[in-house]
Amino acid sequence: MQPRGRGCGGGGIRFLIAGAIALFSVCTYLSNTQDNPITGEKQRVDISPEQEIALGLQAAPQMAQQFGGLDPDPRLQEGIDEVGQRIVDNSSAGKAKWRFEFHALRDNRTVNAFALPGGQIFITRALLGRLKTEGQLAGVLAHEVAHVVARHGAEHIAKQKLTQGLTGAAVIATTDPSDPRTYKNAAIAAMIGQLVNMKFGREDELESDKLGVRFMSEAGYDPRAMVQVMQILAESGGGRGGPEFFQTHPNPENRVQKIKQAIQEVFPNGVPSDLKR
């Protein structure tokens, strides 16, 4: 049987170590800030734009492989390149020095589009097959361009480091190696960390919707096409499969109102009739 004094001392040391780890994680997170010239936000990120571009380029082949590789149809790829480049060249998104590249994926079953840090943007054939207009494609790509410009990838890397640090501190503070019952506390701490990052993911999606409306409008596209995209995603099952709080993306139905508000802010007197749909 372990003496009471040694047990208390061991617990005290664990709390001191945990406190030091937590304090270091928070201070590191709060001290690394950069200004985003496009969004006007002060962001907590700890990697440079050049590092983001390198990370995206490194991860792109592996991500493409997960969706069956790149689509072999050159006409499909040319169409995506044309719309994506028009958005970048004719909107404030182009002021950032990201390396934008647009890729069509072979997957004809998964309805999805996503962006990697630095400008690598992907859209599956399954989603492309559901889009009916160039404006709808512009809505999808503008949304993904917004993720890159808003540096959501870099923000998530910083948040994950913070979460890992705090979760590790909680595990050290609440887990007694000699008492298996305390392992349950570690599992709870890990779950809380995952939920924090999920919440940030949903906020990023809403911000990208708003920025996407801005970018596609500046490029001459009717932003109401993004509302149509949300309807397509809803019909395809996007946002289903459980309570919204436990999903990375907000339900498409719940994003429509926010998109309409963003459109109203860009065009308070109504959307011009000469925009491309």
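What's counted below: heavy atoms across the whole structure, side chains too, no hydrogens, waters or symmetry copies.
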If you measure from CZ on Phe122 to CG on Asp107, what distance do you get to the nearest 0.5 Å? 13.0 Å
Measuring from Glu155:CD to Glu203:CD, what's the distance to the nearest 0.5 Å? 10.0 Å
So does Asn112 get a backbone contact from the side chain of Thr124, meaning a donor-acceptor N/O pair under 3.5 Å? yes
Give the C-alpha distance, both sets of side-chain angles, the deciding distance and a yes or no for side chain to side chain contact (heavy atoms under 4.5 Å, CB included) between Leu105 and Leu128. CA-CA 10 Å; Leu105 296 172; Leu128 285 167; over 6 Å; no
Give a yes or no on whether Leu57 and Leu70 share a hydrophobic cluster (residues Ile, Leu, Val, Met, Phe, Trp, Tyr; joining criterion: side-chain heavy atoms under 4.5 Å apart). no
Any side-chain heavy-atom pair from Asn90 and Glu218 closer than 4.5 angstrom? no
Taking the side chain as everything from C-beta on, heavy atoms only, tell me whether Phe102 gets closer than 4.5 Å to Glu144. no
From Ile47 atom CD1 to Leu55 atom CG, the distance as rounded to the nearest 0.5 Å: 5.0 Å
Are side-chain heavy atoms of Lys97 and Pro49 found at a separation under 4.5 Å? no
Flag the pair Arg151 / Gln34 as yes when at least one side-chain heavy-atom distance between them is below 4.5 Å, and no otherwise. yes
Write down the atom of Pro223, the atom of Val271, and the distance for their closest heavy-atom approach. CD-CG1, 4.2 Å
Please check this pair: side chain of Asn36 against backbone of Ile38, looking for a donor-acceptor N/O pair closer than 3.5 Å. yes
In this structure, would Val145 and Phe114 fall into the same cluster of hydrophobic residues linked by side-chain contacts under 4.5 Å? no
Test log, rule salt bridge (Lys or Arg N to Asp or Glu O under 4.0 Å), inputs Lys210 and Glu265: CA-CA 10 Å; Lys210 184 174 182 178; Glu265 291 176 8; 3.5 Å; yes
Does a side-chain heavy-atom distance below 4.5 Å link Asp209 with Lys258? no
Indicate the atoms forming the closest heavy-atom contact of Ala138 with Ile87, along with that distance. O-CD1, 3.4 Å
Has the side chain of Glu134 got a donor or acceptor atom that lies under 3.5 Å from a matching backbone atom of Tyr221? no
Among pairs that include at least one residue of residues 55-76, which meet side-chain hydrogen bond (donor to acceptor under 3.5 Å, both in side chains), considering only residues two or more places apart or in two chains? Asp71-Arg125
Taking all heavy atoms of Ala104 and all of Ile80, pick out the closest pair and write down the distance. CB-CD1, 3.3 Å
Any chain of hydrophobic side-chain contacts (each under 4.5 Å) joining Leu76 to Met63? no
Check Gln51 against Asp46 and note the closest heavy-atom contact, atom names and distance. OE1-O, 4.5 Å
Are any non-hydrogen side-chain atoms of Leu116 and His103 less than 4.5 angstrom apart? no
Less than 6.0 angstrom from the centroid, inside 45 degrees of the normal: does Arg224 satisfy that with respect to the ring of Phe267? no
Calculate, to the nearest 0.5 Å, the distance between atoms CD and CG belonging to Gln136 and Asp222 respectively. 10.5 Å
Only counting residues at least two apart or in another chain, list the ones meeting side-chain contact (heavy atoms from CB on, under 4.5 Å) with Gln264. Pro268
Report yes if some heavy atom in the side chain of Leu131 is under 4.5 Å from a heavy atom in the side chain of Ile123; otherwise report no. yes
Give the minimum heavy-atom separation between Val149 and Ala93, together with the two atoms involved. CG2-CB, 3.9 Å
Report the relative orientation of the aromatic rings in His143 and His147; use parallel for angles under 30°, tilted for 30 to 60°, perpendicular for over 60°. perpendicular
So, using side-chain contact (heavy atoms from CB on, under 4.5 Å) as the criterion, who are the partners of Glu82 when residues are at least two apart? none
Ile121 CD1 to Trp98 CH2 distance, which is reported to the nearest 0.5 Å: 12.0 Å
Pair His152-Glu205, side-chain donor/acceptor within less than 3.5 Å: no
For the CZ atom of Arg106 and the CZ atom of Phe67, what is their distance to the nearest 0.5 Å? 14.5 Å
Close side-chain approach of Arg277 and Gln228, heavy atoms under 4.5 Å: no
Could you tell me whether the side chains of Asp81 and Gln85 share a donor-acceptor contact shorter than 3.5 Å? no
Nearest non-hydrogen partners of Ala113 and Val140, listed with the distance: CB-CG1, 3.7 Å
